[in-house]
Amino acid sequence: MAKVIALLISDLHLSHKPPRARSNEPDWYEAMLRSLDFIKRIQDQYEGVPVICAGDVFDRWNSPAELINFAWDHLPENLYMIPGQHDLPHHNLKDVDKSAYGVLSRRPNTHNLAPELPYNINKDLVVTPFPWGYLPTEHGKRGSENKIRLAVIH
């Protein structure tokens, strides 16, 4: 069996209210918690490997405090993330600090990955992030000959 070195997720779209298709859920926060607990169980199964989120953590950039606190308390530890368009005020990366995503990026053991800069996630993996609005380029080649190189694109 191949060694798992990280988990890649995207498009959680955490939201204060359920989408229309899930409006019958008796408790929407409990429904979202089931998904986040599932990610944590897989992470635990593989000895706490990093979780990389390729954007759209939130459904809206201006999510209410209740939802930000929920995400803060229940997202996995050792989380690396990039913003998607839903995470950004008016889809503008320069305003990320005005968003729910910006608040969450200050959480301990959570890392906002700056665009186009290679990050050594662990001894086996280097990632180059391309958040919303960035096209993939050839960054991150040097010094990673013995590592898996992953472009994280939203």
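Numbers here are sequence positions counted from 1. Reckoned from all heavy atoms, side chains included, excluding hydrogens, waters and symmetry mates.
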Once salt bridge (charged side-chain N to carboxylate O under 4.0 Å, His left out) is applied, what residue pairs with a partner in [range] remain, sequence neighbours excluded?
range	answer
residues 89-102	Asp95-Lys98, Asp97-Arg106
residues 59-74	none
residues 46-55	none

Any side-chain donor paired with an acceptor under 3.5 Å for His13 and Asp11? yes

Under 3.5 Å, side chain of [X] to main-chain N/O of [Y], donor-acceptor pair present?
X	Y	result
Gln85	His91	no
Asp56	His86	yes
Tyr119	Ala114	yes
Asn122	Asp124	yes
Asp87	Val57	yes
Asn62	Ala100	no
His154	Ala54	yes

By ring pair (Phe, Tyr, Trp, His ring centres under 6.0 Å), Tyr80 pairs with (sequence neighbours left out) His111

Could you tell me if the side chain of [Y] sits less than 4.5 Å from the side chain of [X], heavy atoms only?
X	Y	value
Asn78	Val49	no
Pro108	Trp72	yes
Ile82	Pro115	no
Leu93	Pro131	yes
Trp132	Leu88	yes
Leu125	Lys147	no
Thr137	Phe130	yes
Trp61	Val96	no

Ignoring hydrogens, what is the shortest heavy-atom contact between Ser105 and Gly102? Give both atom names and the distance. OG-O, 2.7 Å

Ala71 to Phe58 - nearest heavy-atom pair and separation: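 Nearest pair, atom of Ala71 first, then Phe58: CB-CZ, 3.8 Å.
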
Indicate if Leu79 and Leu12 have the same hydrophobic cluster label, given that clusters are the connected sets of ILVMFWY residues with side-chain heavy-atom separations under 4.5 angstrom. yes

Given the rule that I, L, V, M, F, W and Y join up when any side-chain heavy atoms are under 4.5 Å apart, are Leu135 and Leu113 in one cluster?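 Different clusters: Leu135 never reaches Leu113 through Ile, Leu, Val, Met, Phe, Trp or Tyr contacts under 4.5 Å.
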
With rounding to the nearest 0.5 angstrom, report the [atom1] to [atom2] distance, [X] to [Y].
X	Y	atom1	atom2	value
Leu14	Leu75	CG	CG	6.0 Å
Ser63	Asn69	OG	CG	11.5 Å
Asp44	Glu77	CG	CD	10.5 Å
Ile52	Ile121	CD1	CD1	5.0 Å

With Thr110, which residues qualify under side-chain hydrogen bond (donor to acceptor under 3.5 Å, both in side chains), at least two apart?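 Thr110 satisfies side-chain hydrogen bond (donor to acceptor under 3.5 Å, both in side chains) with Arg107 only.
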
side-chain contact (heavy atoms from CB on, under 4.5 Å) between Ile9 and Val51, intermediate numbers included: CA-CA 7 Å; Ile9 63 173; Val51 175; 3.7 Å; yes

Return a table of donor-acceptor pairs under 3.5 angstrom between the side chains of residues 20-33 and protein atoms on other chains or two or more places apart.
unit_1	atom_1	unit_2	atom_2	d
Arg22	NE	Glu25	OE2	3.4
Arg22	NH2	Glu25	OE2	2.8
Ser23	OG	Arg20	O	3.1
Glu25	OE1	Arg34	NH2	3.3
Glu25	OE2	Arg34	NH2	3.4
Asp27	OD1	Tyr29	N	3.1
Asp27	OD1	Glu30	N	3.1
Trp28	NE1	Ser15	O	3.0
Trp28	NE1	Ser15	OG	3.1
Tyr29	OH	His16	ND1	2.7

